[in-house]
Amino acid sequence: MKAIRGFKDILPAESALWRHIESEAFRVFSTYGFSEIRLPILEKTELFSRSIGEGTDIVEKEMYSFKDRRGDGLTLRPEGTAPAVRAYIENKLHVKPVTKLYYTGPMFRYERPQKGRYRQFYQIGAEVLGDADPKVDAETIEMLIKYFRIIGIKDAVLNINSLGCSGCRPGYKLELLRFLGARMDSLCENCQRRVEENPLRALDCKSQGCVEATEDAPSMVDQLCRPCFEHFEGVTGFLMQLDVNYVLNSRMVRGLDYYTRTTFEITGPNLGAQNTIAAGGRYDKLVSELGGPDTPCFGFAIGMERLSIVLSSTGGFGASLSSPIFFFVSMGKPTRKKAMALVAEMRDGGFRVETAYIEGSPKKAMKRADKLGAVYTIILGEDELSKGVVSVKEMATADQSFVPYGELILWLNATLTGMG
RNA sequence: GUGGGCGUGGCUCAACGGUUAGAGCACUGGACUGUGACUCCGGGGGUUGGGGGUUCGAAUCCCCUCGUCCACCCCA
């Protein structure tokens, strides 16, 4: 039996890093006023088709959708924003002026697996609901950058853009359409086909012909209406004030329909083609489109697998993330009772203790201690038992000393803090 | 969904179409009856991803399939 395609286990060797990634995110986000929300993994299909957009790749060909026993159309969530917004409306969280939420968990998309892209993947998301101020955009991005710095992401690059609003985007789209229409022959097949659907995509295309053909294409940022332009200027201005470096990328396009105004993407090193480690933006119309009150919002999602790839490729993690292991060896039947009592005492004291009970030579136990990566091995044999002590051996130096039962915890604490 | 690379013990990899598919690491036993790492000696572990075909003979060549990686696409 094997896990199904695009699904994988996260084994202990990796999970310590995952927990670290999550807990640091929650710690940092909470200092910005975010609180956790736990969302269902399954939602009505309609929630996603309406929010993400009928014509998008996600909705069109990547969702795990099925009918339940009653015949209701359900979908394994492909992203977190729509469920968060649904919960926000349903639970009337809008009675508060601003709501800041974060969440984590698995998302599902039926895509071809490759490095940094899986069918079940994990995101950490955050949403600010109820504030249109450009300061929110800048501050939330700054929070994300700070978080990346804290967990040790280097060489992250922030790209930002503005997609305008329902007022100015259609006009831009028309103009772009005219521009592309005059150059249809130089566009790749793919882009010729999608010009009608989503002309913005052509700006993002990597094929030689499209890159050249769209070199002088009109840029959205130049076509923003006054309010959108001022908003965008506000965002970039605040980013500068917050010392956040960014690249203005007027070609950056989003694959979800709900985005308005600010959008951004952060890329990381050592990831190949799937190099976006976090992305997001503003979605000012989504809440009202889903039946809630007019509520401007901003949010982002982080790809956990990609983060963990970047972090493990740049090194430094592993042993340091888990606490030192103590290995307690009890030798000979008479020692057993005392050993169990001492182990219990150590665990109550917060130590991480593995145990082995052996007859005869401690050789095997020592070997096992070594394999486990024990920092200290504590031996209680019949000699020690008769003296009321244990032998404590520091594995790295092979130093060994007798410690009376009653002083064991104190001794360990003193030694550990001494180590620094 | 499209194109390409790669699948050999737990891991990293060898093996011109030709003996019983090897090595290092890992695992395990001993040298070493109260002490791990280092050293030495021994041991177990493979239907060469799976299925079919070509051939006297296939890990090796061909086809199908599954998986993985890369690019496209898409996105976190």
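The model shown is predicted, which means the values in this text are computed figures rather than measured ones. Letters A, B, ... are given to chains in the order of the sequence lines, protein chains preceding strands, and every chain is numbered from 1.
The aromatic rings of A:Phe326 and A:Phe351 stand perpendicular to each other, their planes meeting at an angle above 60°, with 30° marking the opposite boundary. Under the 30°/60° scheme for interplanar angles, the aromatic rings of A:Phe264 and A:Phe298 are found to lie parallel.
As judged by a 4.0 angstrom heavy-atom cut-off over every strand, A:Gly381 is placed among the base-contacting residues. When heavy atoms are screened at a 4.0 angstrom cut-off, A:Ala398 is found touching base atoms of the nucleic acid. Here A:Glu382 lies in heavy-atom contact (under 4.0 Å) with a base. A:Glu60 comes within 4.0 angstrom of nothing in the nucleic acid, heavy atoms only. Across all strands shown, A:Leu256 has heavy atoms under 4.0 Å from sugar-phosphate atoms exclusively, and none from any base. Among the protein residues, A:Ile277 comes within range of the sugar-phosphate backbone only, with heavy atoms under 4.0 Å from sugar or phosphate atoms but none that close to a base. A:Ala369 comes within 4.0 angstrom of no nucleic acid atom, judged by non-hydrogen atoms across all strands. Among the heavy atoms of the strands lying under 4.0 Å from A:Gly116 is at least one base atom, whether or not backbone atoms are also near.
Proximity of a side-chain donor or acceptor of A:Glu305 to a complementary backbone N or O of A:Tyr122 within less than 3.5 Å is detected.
You'll find that the side chain of A:Asp383 is closest to B:rG34, out of B:rC74, B:rG34, B:rA76. Checked against B:rC74, B:rA71, B:rU35, the side chain of A:Pro362 finds its nearest nucleotide in B:rU35. Nearest to the side chain of A:Ser391, among B:rA76, B:rG36, B:rG34, sits B:rG34. Residue A:Met395 has its side chain nearest to B:rG36 when only B:rC73, B:rA76, B:rG36 are considered.
Taking the P atom of each, B:rC70 and B:rC16 are spaced 29 Å apart, rounded to whole Å. The gap from the P atom of B:rC72 to that of B:rG46 amounts to 41 Å, rounded to the nearest Å. Separating the P atom of B:rC56 from that of B:rG1 is a span of 39 Å, rounded to the nearest Å. With C1' as the reference atom, B:rG18 and B:rC61 are 15 Å apart, rounded to whole Å. The same atom, P, is picked in B:rU28 and in B:rA71; the two are 39 Å apart, to the nearest Å. If you take atom P in B:rC27 and the same atom in B:rG10, they sit 15 Å apart, rounded to whole Å. Nucleotides B:rG30 and B:rA21 have their P atoms positioned 30 Å apart, rounded to a whole Å. Taking the P atom of each, B:rG51 and B:rU8 are spaced 16 Å apart, rounded to whole Å.
In terms of polar N and O atoms assigned as donor or acceptor, the side chain of A:Glu111 never comes within less than 3.5 Å of the base of B:rG1 in a complementary pairing. A:Gln400 contributes a side-chain N or O that forms a donor-acceptor pair with the base of B:rU35 under 3.5 Å. Judged by distance alone, with hydrogens and angles left aside, A:Arg254 brings no side-chain donor or acceptor close enough to the base of B:rC74 to form a pair under 3.5 Å. Scanning atom types as modelled, one donor and one acceptor separated by under 3.5 angstrom connect the side chain of A:Lys393 and the base of B:rU35.
Around NZ of A:Lys8, the count of heavy atoms belonging to other residues, nucleotides or ligands within 6.0 Å exceeds 12. Around the CZ atom of A:Arg19, the shell of radius 6.0 Å holds no more than 12 heavy atoms that belong to other residues, nucleotides or ligands. Surrounding CG of A:Asn245 are at most 12 heavy atoms belonging to other residues, nucleotides or ligands under 6.0 Å away. More than 12 heavy atoms of other residues, nucleotides or ligands shown are found within 6.0 angstrom of CZ on A:Arg251. Atom CD of A:Glu46 has 12 or fewer heavy atoms from other residues, nucleotides or ligands within 6.0 Å.
Distance, A:Arg112 CZ to B:rC66 P: 10 Å, rounded to whole Å. Atom-to-atom, CZ of A:Arg5 to P of B:rG7 comes out at 18 Å; the value is rounded to the nearest Å. One interatomic measurement links the two molecules: CD of A:Gln114 to P of B:rA76, which rounds to 15 Å at whole-angstrom precision. Rounded to whole angstrom, the span from the CG atom of A:Asp370 across to the C1' atom of B:rA26 amounts to 14 Å. Atom CZ in A:Arg117 sits roughly 10 Å away from atom P in B:rC70 (whole-Å rounding). Rounding to whole angstrom units, CE of residue A:Met63 and C1' of B:rA76 are separated by 17 Å. When rounded to the nearest whole Å, the span between NZ of A:Lys371 and P of B:rC38 equals 8 Å. Atom CG of A:Leu11 is separated from atom P of B:rC11 by 12 Å (rounded to the nearest Å).
Pair assignment for B:rA59 gives none, since no Watson-Crick or G-U wobble pairing has each distance under 3.5 Å. The partner of B:rG7 is B:rC66, by the rule that a Watson-Crick or G-U pair needs both atom distances under 3.5 Å. Pair assignment for B:rC27: B:rG43, on the basis of Watson-Crick or G-U wobble contacts that are both within less than 3.5 Å. Pairing for B:rU2 goes to B:rA71, judged as Watson-Crick or G-U wobble with the two contacts each under 3.5 Å. Across all strands shown, B:rA21 forms no Watson-Crick or G-U wobble pair with both distances under 3.5 Å.
The residue from A:Thr377, A:Val375, A:Ile379 that alone fulfils the side chain to side chain contact (heavy atoms under 4.5 Å, CB included) condition with A:Phe327 is A:Thr377.
When the nearest nucleotides of RNA chain B are assigned to A:Gly272 and A:Ile4 by heavy-atom distance, the more 5′-ward of the two goes with A:Ile4. When the nearest nucleotides of RNA chain B are assigned to A:Arg368 and A:Tyr110 by heavy-atom distance, the more 5′-ward of the two goes with A:Tyr110.
The phosphate of B:rC32 (OP1 or OP2) has no side-chain N or O of A:Lys363 nearer than 4.0 angstrom. In this structure, A:Lys364 does not reach the B:rG34 phosphate: none of its side-chain N or O atoms is under 4.0 Å from OP1 or OP2.
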